[in-house]
Structures are given as structure tokens and as C-alpha cells.
Amino acid sequence: MGNTKFSLRLQQAMELRNLKSSQIESMSEKLLMEGRIKKAIKMPLITDYLKGRYEAKQDNIRTLALILDVDDRWLMGDNVPMEREVPFSAIYYFSRDNEKRILDTSIRFAIQNSLNKDDISNNQDIRLLLDKLDTLDINIAIEFVQYFSNKYRGMEEFSLENAITALEYSRDSHAEPKIEDMYMHLAKEAQDLKLEQEDIDYILNFYKRNKK
């Protein structure tokens with residue numbers, strides 16, 4: 001295979017950051033040890049990416065974008081700025097499992113107690129929870145909790161994992177209707193219909209597989 005947009009942009013980003021394949025492998029192994037990714041990216045695979053033999057899967061795209069400090073959509077070849085936005089989904093994906101649980105618990109607490117933005121930043125219970133974070137900056141964590149607790153205000157049930165999934169697909173400007181709006185509507189209907197979570201996931205996954 002010849003060069004692809006992905007391979008060319010990967011090469012461009014590596015040259016810009018002055019990183020070699022071996023260094024990216026080492027950095028990915030460090031992220032793996034920290035529990036922030038599920039698997040490291042080996043040097044031979046990076047070489048294959050650069051030669052256009054393979055397109056990276058989404059997990060590896062996120063890892064490469066994090067290491068190279070570029071936008072993951074830009075790295076895939078989309079017409080967006082190279083500068084990396086740090087969306088809340090990226091914060092979630094690169095947080096450790098215990099940090100995800102802390103964030104989820106904090107958001108649930110804020111929703112259940114109807115806390116507003118100022119309440120969250122000053123609430124001692126939430127502060128005590130967020131102080132237990134290992135790698136995530138507490139100020140970023142507070143913004144994270146503020147965003148999701150406000151977005152899902154009034155919801156009886158909340159799942160951070162599902163909220164992140166909804167947020168990810170809402171970034172796709174070509175998705176009509178937006179998956180985020182679908183999830184919000186479905187989640188509210190599910191409370192009345194008493195749908196099981198697996199039923200909700202099935203409907204969402206069916207839409208994702210069949211959307212144009």
C-alpha cells in the first residue's frame with residue numbers, strides 16, 4: 001500500500017515532536033503501566049503505519065494522538081486543526097480505572113444533590129473524592145464533573161461510560177440525528193418503560209452499525 005492521509009500525518013507529527021518509533025513505543029508502555037491505555041504500540045506496528053500498510057484502530061489512534069499531542073481526528077486525516085483539543089472523552093479514556101470510578105461517583109453525587117457549578121467547586125464531599133485522583137488535575141476534574149452533572153441534571157440514573165459514548169458520537173457532524181440526543185431521549189424513555197441497560201445498549205449499537 002502507498003502512503004495514506006493517516007501515514008503522512010503520523011510522519012508529520014513525529015517529525016514535529018522529534019519522536020522516533022522506539023520512543024513512541026516506550027511512551028506507550030509507560031502509559032500502559034500507569035493504567036491509562038489497554039495496550040502499548042510496538043515499534044514494528046508503527047513502522048507499518050508509516051509505510052501505509054495498516055490503518056490504526058481507534059484505541060491506537062487515541063494513544064498516538066495523546067503521545068504526539070495532536071487532535072485524533074486530524075491524525076486520521078480529517079480536515080480539522082492539528083492542535084489537540086482535550087475533549088472530556090479523552091480525559092475519560094486516558095484516566096485510570098480508579099479515577100473513572102471517582103469521576104462517576106462525583107457526578108452521581110452532584111446530580112442526586114442537584115448541585116450547580118459553584119456548589120460543585122466548593123463542595124467538600126466532592127473535593128475529598130477528587131483529592132484521591134492519581135494523575136488527573138483536580139481543576140480539570142472539577143470542570144469534568146460540572147459538565148456532566150449539568151448535562152444530566154434531573155436524571156434518576158447515570159452511567160459515565162454511556163455518557164462518554166454519547167459524547168463521542170455527537171462529535172460526528174454527519175450523524176443525523178445526533179447519537180447524544182438519541183441517548184438522552186432513550187434514557188428518559190427507559191425510566192418509564194423500565195428497559196434494561198442491555199436493551200438500551202443494543203438499540204444504540206444497532207443505530208451506530210446502520211447509520212449512513
Side-chain angles (χ1 to χ4, degrees), residues 31-32 34-38 58-59 62-63 65-66 72 84-173 175-209 211:
L31 290 172
L32 178 63
E34 293 174 350
R36 299 174 67 189
I37 60 175
K38 294 181 179 179
Q58 192 62 44
D59 284 349
R62 292 193 184 104
T63 300
L66 178 67
D72 56 345
R84 183 170 176 260
E85 293 180 15
V86 184
F88 290 124
S89 56
I91 294 172
Y92 175 82
Y93 286 124
F94 293 106
S95 294
R96 296 176 176 177
D97 288 343
N98 68 307
E99 293 180 318
K100 291 175 182 176
R101 288 192 290 270
I102 291 170
L103 291 170
D104 184 85
T105 301
S106 300
I107 295 167
R108 290 172 185 268
F109 179 87
I111 292 173
Q112 291 169 359
N113 291 277
S114 302
L115 301 181
N116 62 33
K117 186 175 181 180
D118 291 334
D119 292 335
I120 291 169
S121 59
N122 296 318
N123 186 275
Q124 291 302 310
D125 291 318
I126 289 181
R127 282 278 181 174
L128 287 172
L129 282 169
L130 299 183
D131 281 340
K132 297 177 182 178
L133 294 170
D134 297 321
T135 61
L136 188 58
D137 180 83
I138 191 169
N139 293 317
I140 294 176
I142 288 173
E143 290 183 18
F144 188 99
V145 174
Q146 288 172 333
Y147 173 82
F148 285 102
S149 60
N150 180 67
K151 191 171 188 63
Y152 291 89
R153 181 184 298 275
M155 297 284 286
E156 293 181 9
E157 299 291 335
F158 175 79
S159 164
L160 181 54
E161 183 178 359
N162 288 334
I164 291 295
T165 299
L167 187 63
E168 275 284 274
Y169 284 94
S170 73
R171 296 172 67 194
D172 181 1
S173 60
E176 294 292 346
K178 289 185 177 180
I179 193 77
E180 182 179 15
D181 295 335
M182 288 184 63
Y183 181 81
M184 289 290 289
H185 175 74
L186 181 58
K188 291 176 181 177
E189 290 293 321
Q191 292 179 5
D192 296 328
L193 297 174
K194 297 183 179 179
L195 293 180
E196 297 291 337
Q197 185 61 49
E198 61 182 343
D199 296 324
I200 298 173
D201 292 340
Y202 175 83
I203 295 170
L204 289 172
N205 288 330
F206 179 83
Y207 172 77
K208 282 151 52 178
R209 288 195 305 269
K211 74 184 181 72

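Remember, it's a predicted structure, so these values are computed and weren't measured experimentally.
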Under a 4.5 Å cut-off applied to non-hydrogen side-chain atoms, are [X] and [Y] in contact?
X	Y	result
L115	I126	yes
N123	F109	yes
I37	Y93	no
E143	I140	no

Between [atom1] on residue [X] and [atom2] on residue [Y], distance to nearest 0.5 Å:
X	Y	atom1	atom2	value
L129	T105	CG	OG1	6.5 Å
L130	L103	CG	CG	7.0 Å
Q58	T63	CD	OG1	10.0 Å
F158	I111	CZ	CD1	5.0 Å

Quick check: closest heavy atoms across [X] and [Y], and the distance to 0.1 Å?
X	Y	answer
I102	K132	CD1-CB, 3.8 Å
D72	R62	OD2-CG, 4.5 Å
L136	E99	N-OE2, 3.2 Å
L133	A141	CD1-CB, 3.5 Å
S149	I107	N-CG2, 4.0 Å

E161 CD: over 12 foreign heavy atoms closer than 6.0 Å: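 Counting other residues, nucleotides and ligands, CD of E161 stays at 12 neighbours or fewer.
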
Close aromatic pair by centroid cut-off 6.0 Å: F144 and F148: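 Yes.
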
Donor-acceptor pair, side chain of Q146 and main chain of I120, under 3.5 angstrom: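 Answer holds: no.
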
R127 side chain to S121 backbone, donor-acceptor under 3.5 Å: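 Between the backbone of S121 and the side chain of R127 there is a qualifying donor-acceptor contact (under 3.5 Å).
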
Sequence neighbours excluded, every pair satisfying salt bridge (charged side-chain N to carboxylate O under 4.0 Å, His left out) that has a member inside residues 102-120: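 Listed once each, the pairs are D104-R108.
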
